[in-house]
Amino acid sequence: MRVVNISSIAILTLATVAGGELAARAATDVPEVDRRDARPREVVDRRDARPTEVDDRQDARPTGVDASQLDGTLQVSQARDVGGIYVVEVKIRFVNSRGEAVDKKGKPIEGRISEDFIRGELKLKAGDNYSQDVVRSDLQQLQQLGLFDKVTVSTEEVGTDINVIYNVQERSARSFGVSASLSDDIGLAIPLSYTDRTLGTNPQRVSVEVQPSLRGVEYNVQFVSPYVAATDRLGYSVRTFRDRRTSDIFNNDIDLPNGDRVREIRMGGNLAVTRPLGDWRGTLGLNYTNISTRDRNLKIARRDQLGNPLTFSGAGVDELYTVSFGATLDRRNNPFNPSSGSILTLSSEQSIPVGQGNILSNKLLANYIQYVPMNLLGGADSETLPEMLAMNLQAGTVIGDLPPTEAFRLGGRNSVRGYDTGDIGSGRSYFLASGEYRFPVGRDVGGVLFVDFASDLGTGDSVLGKPASVRDKPGTGAGAGVGVRVRSRFGLIRFDVGVSDGGEIKFVLGTKQRF
């Protein structure tokens with residue numbers, strides 16, 4: 001066996017540091033770990049108000065129900081004129097990871113972030129008429145700030161009018177993670193991560209990921225200052241990185257002339273700015289990436305053992321100077337924990353023909369996700385994971401020059417489960433379709449039935465050196481399987497068992513939903 005990978009062998013500890021939780025992370029293949037997917041409970045002032053809840057399908061529900069049923073969307077009685085409900089007050093309520101608005105002593109939980117700052121980011125104001133679209137837009141704005149693990153919205157009746165309550169669960173001010181991994185490429189590595197969300201003004205944050213090993217140091221450092229609605233301040237981010245991995249393009253037993261597997265080293269950085277563009281959110285980026293193919297000892301490798309080129313330049317190093325633009329239309333009911341709606345992302349990345357390789361190309365990508373609420377099991381409890389049908393369609397193509405290392409890699413944990421990464425193919429274009437039926441099993445446990453399909457659309461031979469063809473990759477593949485989702489203190493944990501159309505069985509352990 002070539003690779004032995006221990007995804008996590010460290011015992012993680014949690015502590016409280018500088019007013020923030022020191023949150024340890026397991027060393028999975030997904031770098032960020034969500035916290036517990038807890039749902040806030042309604043706390044009602046019995047003196048003058050009572051909560052009213054009905055879902056956004058407008059079927060009536062009794063008053064006084066737990067606010068966790070709202071899932072972040074404001075819900076009002078069918079008997080009311082939704083567009084004419086007057087908002088008396090917009091309240092900010094801080095909750096803990098269990099969704100409770102009071103601590104063990106019965107005192108209201110105090111937030112680190114100013115309520116005035118949060119209100120300034122909301123379009124919905126006291127005196128407005130309620131709008132479902134405005135509430136959804138508010139949740140999107142709060143989510144992109146990166147300050148909150150979860151936000152839901154609930155209401156209180158005040159006579160014939162309502163108060164609207166934003167229940168916010170803050171992320172820790174600072175978090176630190178440590179784990180360990182072992183592979184035949186770099187040996188023992190100790191991934192370390194640190195995030196500080198207290199820099200400068202409220203939303204600004206810095207994250208540092210460093211992985212020292214006997215064969216070098218990999219890193220990913222990023223500073224983010226997100227878009228601030230109150231001042232219409234442009235959001236921006238700065239990132240630098242270095243990454244080493246065995247190639248998923250040049251695999252399947254065709255190695256280098258010296259017998260080593262091909263390693264890809266990527267170094268670079270980018271600067272990106274973001275702001276809303278009507279209903280869309282746009283991002284413009286300037287990017288630089290240096291991609292080199294090397295052997296185990298990091299000596300430059302130009303060709304594989306069959307004599308096929310590994311880079312576009314032919315020198316073992318390609319440089320990409322690109323300008324990218326992306327736009328996202330988010331129609332999910334709640335970006336923190338969607339149960340209905342959709343999200344569409346379109347992007348284009350244009351390379352400038354300078355540097356090693358003199359590459360001139362344009363990469364086009366589209367990604368669409370749809371969530372459809374289901375009720376096949378008959379009225380699951382509001383505290384359970386939601387029952388739904390989730391569908392994902394992706395497509396992409398590269399026009400112009402294409403370095404082999406930039407081909408689309410099909411198959412793997414975030415593509416077609418049942419295959420290893422890149423084992424279906426590596427092409428100039430691709431199409432991917434995935435469907436999942438998600439259903440609750442218990443309060444914090446859910447199940448998933450899934451089907452995945454991907455194709456390089458017959459473009460494998462258009463990649464320089466034909467890396468997929470010479471390695472007998474099929475170019476088209478499908479997989480199906482079952483999975484389990486568990487809400488934990490470290491976030492949503494997923495475990496999938498996928499079976500490929502060729503009968504191979506693969507296991508996936510990670511965090512967050514597949515999409």
Report the distance from atom [atom1] of [X] to atom [atom2] of [Y], rounding to the nearest 0.5 Å.
| X | Y | atom1 | atom2 | value |
| --- | --- | --- | --- | --- |
| Ile493 | Asp444 | CD1 | CG | 11.0 Å |
| Ile113 | Glu121 | CD1 | CD | 10.5 Å |
| Ser434 | Leu393 | OG | CG | 8.5 Å |
| Leu365 | Glu349 | CG | CD | 8.0 Å |
| Leu271 | Ser237 | CG | OG | 7.0 Å |
| Thr328 | Asn367 | OG1 | CG | 9.0 Å |

**OP:** Report the C-alpha distance between Gln143 and Val151 in whole Å, list the side-chain angles of each, state the deciding distance to 0.1 Å, and finish with yes or no for side-chain contact (heavy atoms from CB on, under 4.5 Å).
**Re:** CA-CA 8 Å; Gln143 190 267 343; Val151 180; over 6 Å; no

Can you see which heavy atom on [X] is nearest to which on [Y], and at what distance?
| X | Y | answer |
| --- | --- | --- |
| Thr195 | Ser207 | OG1-CB, 3.7 Å |
| Phe336 | Asn334 | N-OD1, 2.9 Å |
| Gly479 | Val416 | N-CG1, 3.5 Å |
| Pro191 | Gln211 | CG-OE1, 3.4 Å |
| Thr274 | Arg281 | OG1-CG, 3.8 Å |
| Val210 | Val208 | CG2-CG1, 3.7 Å |

Under 3.5 Å donor-acceptor, [X] side chain and [Y] backbone:
| X | Y | value |
| --- | --- | --- |
| Asn287 | Asn270 | no |
| Arg119 | Val90 | yes |
| Arg266 | Arg245 | no |
| Glu209 | Val221 | no |
| Thr240 | Gly268 | yes |
| Arg205 | Leu145 | yes |

[Y] and [X], any side-chain heavy atoms less than 4.5 Å apart:
| X | Y | answer |
| --- | --- | --- |
| Val95 | Gln169 | yes |
| Tyr368 | Met391 | no |
| Arg239 | Asn220 | yes |
| Val445 | Val484 | yes |
| Arg275 | Asp232 | yes |
| Phe439 | Leu377 | yes |
| Lys363 | Ser347 | no |
| Ile424 | Phe453 | no |

**OP:** Evaluate the salt bridge (charged side-chain N to carboxylate O under 4.0 Å, His left out) criterion for residues Asp496 and Arg485: first the C-alpha distance (whole Å), next the side-chain angles of each, then the deciding distance (0.1 Å), finally the verdict.
**Re:** CA-CA 9 Å; Asp496 291 334; Arg485 306 292 182 264; 2.8 Å; yes

**OP:** Determine, step by step, whether Trp280 and Leu344 satisfy the side-chain contact (heavy atoms from CB on, under 4.5 Å) criterion, reporting the C-alpha distance in whole Å, the side-chain angles of both residues, the deciding distance to 0.1 Å, and the verdict.
**Re:** CA-CA 9 Å; Trp280 295 73; Leu344 171 65; 3.8 Å; yes

Original post:
Between Arg494 and Phe515, is NZ or CZ placed under 6.0 angstrom from the six-membered ring centre and within 45° of the ring axis?
Top reply: no

Original post:
Would Arg417 count as a cation-pi partner of Phe450, with NZ or CZ less than 6.0 Å from the six-membered ring centre and within 45° of the ring normal?
Top reply: yes

Original post:
side chain to side chain donor-acceptor pair (under 3.5 Å) between Ser339 and Asn333: does it pass, once the steps are laid out?
Top reply: CA-CA 7 Å; Ser339 59; Asn333 64 331; 2.9 Å; yes

**OP:** Apply side chain to side chain donor-acceptor pair (under 3.5 Å) to Ser154 and Asn167, showing your working.
**Re:** CA-CA 8 Å; Ser154 53; Asn167 306 284; 3.2 Å; yes

**OP:** Classify the ring geometry between Phe408 and Tyr430 as parallel (under 30°), tilted (30 to 60°) or perpendicular (over 60°).
**Re:** tilted

Original post:
Under a 4.0 Å N-O cut-off, is there an ion pair linking Lys123 with Asp128?
Top reply: no

Original post:
Step by step, would you call Asp243 with Tyr219 a side chain to side chain donor-acceptor pair (under 3.5 Å)?
Top reply: CA-CA 7 Å; Asp243 179 65; Tyr219 56 85; over 6 Å; no

Original post:
If you draw a 6.0 Å radius around NZ in Lys125, do more than 12 non-hydrogen atoms from other residues or ligands fall strictly inside?
Top reply: yes

Original post:
For Tyr419 and Glu504, what are the C-alpha separation, side-chain angles and deciding distance, and is it a side-chain contact (heavy atoms from CB on, under 4.5 Å)?
Top reply: CA-CA 7 Å; Tyr419 284 88; Glu504 293 289 326; over 6 Å; no

**OP:** Check each of Val448, Leu376, Val372 against Tyr437 using the side chain to side chain contact (heavy atoms under 4.5 Å, CB included) test, and report the only one that passes.
**Re:** Leu376

**OP:** Go through the steps to decide whether Arg244 and Asp185 satisfy the test salt bridge (charged side-chain N to carboxylate O under 4.0 Å, His left out), and finish with yes or no.
**Re:** CA-CA 9 Å; Arg244 166 180 172 153; Asp185 178 23; 2.7 Å; yes

**OP:** Please test Asn414 against Arg514 for side-chain contact (heavy atoms from CB on, under 4.5 Å), starting from the C-alpha separation and ending with a verdict.
**Re:** CA-CA 7 Å; Asn414 291 316; Arg514 158 73 174 75; 4.2 Å; yes

Subject >> No-hydrogen, no-angle side-chain donor-acceptor test under 3.5 Å, Gln204 and Ser225 >> reply: yes

**OP:** With side chain to side chain donor-acceptor pair (under 3.5 Å) as the test, would you mind laying out the steps for Asn392 and Gln394 before giving the verdict?
**Re:** CA-CA 7 Å; Asn392 179 215; Gln394 298 179 31; 2.9 Å; yes

**OP:** For salt bridge (charged side-chain N to carboxylate O under 4.0 Å, His left out), just list the numbers for Asp330 and Arg332, CA-CA rounded to whole Å, side-chain angles, deciding distance to a tenth of an Å, and then say yes or no.
**Re:** CA-CA 6 Å; Asp330 193 343; Arg332 295 174 295 178; 2.8 Å; yes

